[in-house]
Protein chains: 4
Amino acid sequence: MPAKPTSNAPDPIRRNEASRKAILTAAFDLVGEVGFGKLSIEAIAARAGVGKQTIYRWWPSKGAVLFDALLMLSEDQATGRPELPDTGSLEADLKTVLRATVRELNDPRYDEPMRALNTEIVHNQELAAAYTERLHEPMQRLKRDRLRKAQQAGQLDPNTDLDLAIEMIWGPLLNRWLQRTGPLTPEYTDSIVETALRGLMPR
Amino acid sequence: MPAKPTSNAPDPIRRNEASRKAILTAAFDLVGEVGFGKLSIEAIAARAGVGKQTIYRWWPSKGAVLFDALLMLSEDQATGRPELPDTGSLEADLKTVLRATVRELNDPRYDEPMRALNTEIVHNQELAAAYTERLHEPMQRLKRDRLRKAQQAGQLDPNTDLDLAIEMIWGPLLNRWLQRTGPLTPEYTDSIVETALRGLMPR
Amino acid sequence: MPAKPTSNAPDPIRRNEASRKAILTAAFDLVGEVGFGKLSIEAIAARAGVGKQTIYRWWPSKGAVLFDALLMLSEDQATGRPELPDTGSLEADLKTVLRATVRELNDPRYDEPMRALNTEIVHNQELAAAYTERLHEPMQRLKRDRLRKAQQAGQLDPNTDLDLAIEMIWGPLLNRWLQRTGPLTPEYTDSIVETALRGLMPR
Amino acid sequence: MPAKPTSNAPDPIRRNEASRKAILTAAFDLVGEVGFGKLSIEAIAARAGVGKQTIYRWWPSKGAVLFDALLMLSEDQATGRPELPDTGSLEADLKTVLRATVRELNDPRYDEPMRALNTEIVHNQELAAAYTERLHEPMQRLKRDRLRKAQQAGQLDPNTDLDLAIEMIWGPLLNRWLQRTGPLTPEYTDSIVETALRGLMPR
DNA sequence: CATTAACCGAGACGGTACGTCCGGTCTTTTC
DNA sequence: GAAAAGACCGGACGTACCGTCTCGGTTAATG
């Protein structure tokens, strides 16, 4: 878990980086193998070749470990992706982005861990805060920036609340993903984008 | 879990109805007190004054118990609500329905158990099937029926897929609820309905 | 541990006798292999093929387990040994008894467990009480009975306190055993008996 | 080049005397508070304001620390007590010595630590050797010297083995102390001395 | 007098065992 | 024959210490 400048926390300088990575990797691999429900701190520690206390020292819950594992991965690959594409056509750009999202959600390697995280934050208050700060808010900012540009270009109704717009576009997709109420196909996300944008266009 | 006419299943006729109700009530109460993660079969049995075996005999998992508990409640109150309102104005009716939904989701008595069920079905295959059959599909049918009538009345684009339409309306709401990305207010749901319907109107 | 007629104790009727024996056997064997200090409840449970809770349910400490293990053995073999030998010669009888004791103390199979028990009761109040009641007092009674007969036969000073006499005879032996201040030989115990009896004779 | 005889042992010259004393004091105090079984190196280090390594550097086990703690105390007070009293009457002298011993054993401040040491040497080979060399043997020598003088004065049988005599006198007392089979009173020790000496007198 | 080697406090680390909780099964007794 | 009760095997929990291992920071003898 991130930035915790509290008093009696362990000293991050003395932290063993190799152990940290081994733990995150083990957690990510295990959640894919057995699922979040059967994921145990004991198994993570054993797989990582680490004492349990080393996990308890640095993370407050197994959800937090998984969160950092996902964060590590997303940071590994996400460096240098500071904004959403802007070709001039909002509709085309959104379709591109949602298709990419769907591709990731359909990858079994990422599906189970992300699913686990998304259900864990439903119950874990502290984890939810970290999730918002480290993953949700940054992404939200990118989306808002892209939509604001479109709004300024007259492609969106000037009175539309951008956060509502984001939810109209991504909400249906994420809901279908979590609830498994249907397949995640490119055609499906294209339809979402088309329908949502028609509702969000200037009158 | 209900109705299981398989071979060596226990005889439902001999079932103790008082125990069944005590278990469901205990489960519902406990999930509100300690959350689904810390909910244990042992605690349910103790609270209900029941042997553990009596739970294992009739339900395959604690998720299933909770599911039945919720079902009991929804049936207690839902009898005789066979369809969604139809005043002639789709927009007004949807606003009414979503406002009612929001009121329920904001009730702390129902919030935690429903949240628990919605995250449990993400991981539990069998529970998801029961959920779809007993809760989701019936509700989906009502929604589809109401939207079809609107479509026939020319209030929706005739080419629109009704399931997509449902997701465009309820997806953003459910997503905000589960992810807690914002407050659930009547104004918010009204905005959803307005925006979604504009995107779904006949061209 | 024995006789505990307290209220919320587990029901001894439902107790699994096979598990009880497996635990005691495992404890006895393990203490001989690794010593009392490295004896762990986990290892006993594993060796006995038993859940840890089954040990914690019936015994308050590992010392208590070991005590019962020793008790089981002593009862296995001790049935029908209701008194000390009485050939008419106290000196000869005591030499016989002490030689037998020494033989047992020199048997590595019994040495370590008994040593462990004798040091454990030094620190464990409850265990000490059980030890006194179940092992020490019965043996003490036998010794007292034999000495009383000798006293009545004029072989001991009529004013001698029998408990003191017992300590004069067995104290040096047990002390040398525990402190390992010398070898335990038949000659040594014979000398003890001779010297002690000379001090205890009628004046 | 300064004499560095031993292999990689720490340099006793550089040793921090304040730390050494703090450790021994902490160990002695703690063993009286929580008992030897619950005494931990961590707690000693914390109480003494010392790093764990400082303890491990200078002592091989917590028993050894306790041993040194007791040694420190006994040296603090014992300097200049090179021999046992000799008033001419062996019986009177022994009664005096045993009464003093009993007074110490009855002092709760010393009872628990000494009890702990006496049971620890039962299991710890190296500690037993140190105990014999530093505490037992010197005391044994004093006792032997006093008894030899008595033997030469004709107060003891000339054929009596002095080590056996020592055991006949101190064995019952130490055994009663460790096993708690009775109270340690001056009357009790007087009786021991009287009885033992009668058995050890010249014939 | 600066260098430097050792001790020192602190505490993270890989581990083992603790004593507890609960999962899911089985058995005994009662209704 | 279902139900209450609860013992049982198993396994994970989160904690306490073990003994080892760095990490700066003194501290004292050497060069």
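Just the heavy atoms: all of them, side chains too, but no hydrogens, waters or symmetry mates, feed the values below. We name chains A, B, ... by the order of the sequence lines, and we start the count at 1 in each one.
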- Check DNA chain E against residues 30-41 of chain C and give the residues with a non-hydrogen atom under 4.0 Å, in numerical order.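 Those residues whose heavy atoms fall under 4.0 Å from DNA chain E, taken from residues 30-41 of chain C in numerical order, are C:Ser40, C:Ile41.
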- Message: Which is more 5' along DNA chain E, the nucleotide nearest C:Ala43 or the one nearest A:Gly49? Just name the residue.
- Response: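 So the residue in question is A:Gly49.
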- Going from CD1 on A:Ile23 to CH2 on A:Trp58, what distance comes out if it is rounded to the nearest 0.5 angstrom?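 So the CD1 of A:Ile23 and the CH2 of A:Trp58 are separated by 10.0 Å.
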- Inter-residue atom distance A:Asn118.CG - A:Tyr131.OH, 0.5 Å rounding: 4.5 Å
- Would you state whether a donor and an acceptor, one from the side chain of D:Lys52 and one from the base of E:dG9, lie under 3.5 Å apart? no
[X] [atom1] - [N] [atom2] separation (whole Å):
{"X": "B:Ile44", "N": "F:dA4", "atom1": "CD1", "atom2": "C1'", "value": "17 Å"}
{"X": "D:Arg20", "N": "E:dC8", "atom1": "CZ", "atom2": "P", "value": "12 Å"}
{"X": "D:Tyr56", "N": "E:dG11", "atom1": "OH", "atom2": "P", "value": "17 Å"}
{"X": "B:Glu42", "N": "E:dT20", "atom1": "CD", "atom2": "C1'", "value": "11 Å"}
{"X": "C:Ile55", "N": "F:dG10", "atom1": "CD1", "atom2": "P", "value": "12 Å"}
{"X": "B:Ile23", "N": "F:dA5", "atom1": "CD1", "atom2": "P", "value": "12 Å"}
{"X": "C:Asn16", "N": "E:dT25", "atom1": "CG", "atom2": "C1'", "value": "14 Å"}

- Between C:Glu17 and C:Arg20, is the closest basic N to carboxylate O distance under 4.0 Å?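 Salt bridge: yes.
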- Looking at D:Ile55, D:Leu24, D:Val50, which one forms a side chain to side chain contact (heavy atoms under 4.5 Å, CB included) with D:Ser19?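 Output: one option passes, namely D:Val50.
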Detail all sub-3.5 Å separations between protein N/O atoms and N/O atoms belonging to nucleotides 27-31 of chain E.
{"residue": "E:dT28", "atom": "O2", "partner": "C:Arg14", "partner atom": "NH2", "Å": "3.2"}

- Query: Passes side-chain contact (heavy atoms from CB on, under 4.5 Å), A:Arg115 versus A:Arg180? Steps please.
  - Reply: CA-CA 11 Å; A:Arg115 207 173 276 277; A:Arg180 289 193 231 257; 3.5 Å; yes
- Task: Name the nucleic acid region contacted by D:Arg15, choosing base, sugar-phosphate or nothing; use a 4.0 angstrom heavy-atom cut-off, strictly under.
- Result: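 It contacts sugar-phosphate atoms only.
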- Message: On DNA chain F, does the nearest nucleotide to C:Gly51 precede the nearest nucleotide to B:Val50 from the 5' side, or the other way round? Give the residue.
- Response: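 The answer here is B:Val50.
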Phosphate OP1/OP2 of [N]: any [X] side-chain N/O under 4.0 Å:
{"X": "A:Thr54", "N": "E:dG14", "result": "yes"}
{"X": "D:Ser19", "N": "E:dC7", "result": "no"}
{"X": "A:Trp58", "N": "E:dA12", "result": "no"}

- Heavy-atom side-chain proximity of C:Phe36 to C:Thr119 below 4.5 angstrom: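 No, too far: nothing below the 4.5 Å cut-off.
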- Message: In the structure I gave you, are the side-chain heavy atoms of D:Asp68 and D:Val65 within less than 4.5 Å of one another anywhere?
- Response: no
- Item | Verdict with supporting geometry, B:Arg47 and B:Asp29, side-chain contact (heavy atoms from CB on, under 4.5 Å) | CA-CA 10 Å; B:Arg47 167 85 59 113; B:Asp29 291 351; 3.9 Å; yes
- Query: Hey, is CZ on D:Arg134 packed in by over 12 heavy atoms from elsewhere, all under 6.0 Å?
  - Reply: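 Atom CZ in D:Arg134 is not packed in, count stays at 12 or less.
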- Hey, is CD on D:Glu126 packed in by over 12 heavy atoms from elsewhere, all under 6.0 Å?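 No.
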- Task: Just compare F:dA7, E:dC13, E:dC8 and give me whichever is closest to any side-chain atom of D:Arg57.
- Result: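 Comparing F:dA7, E:dC13, E:dC8 against the side chain of D:Arg57, the answer is E:dC8.
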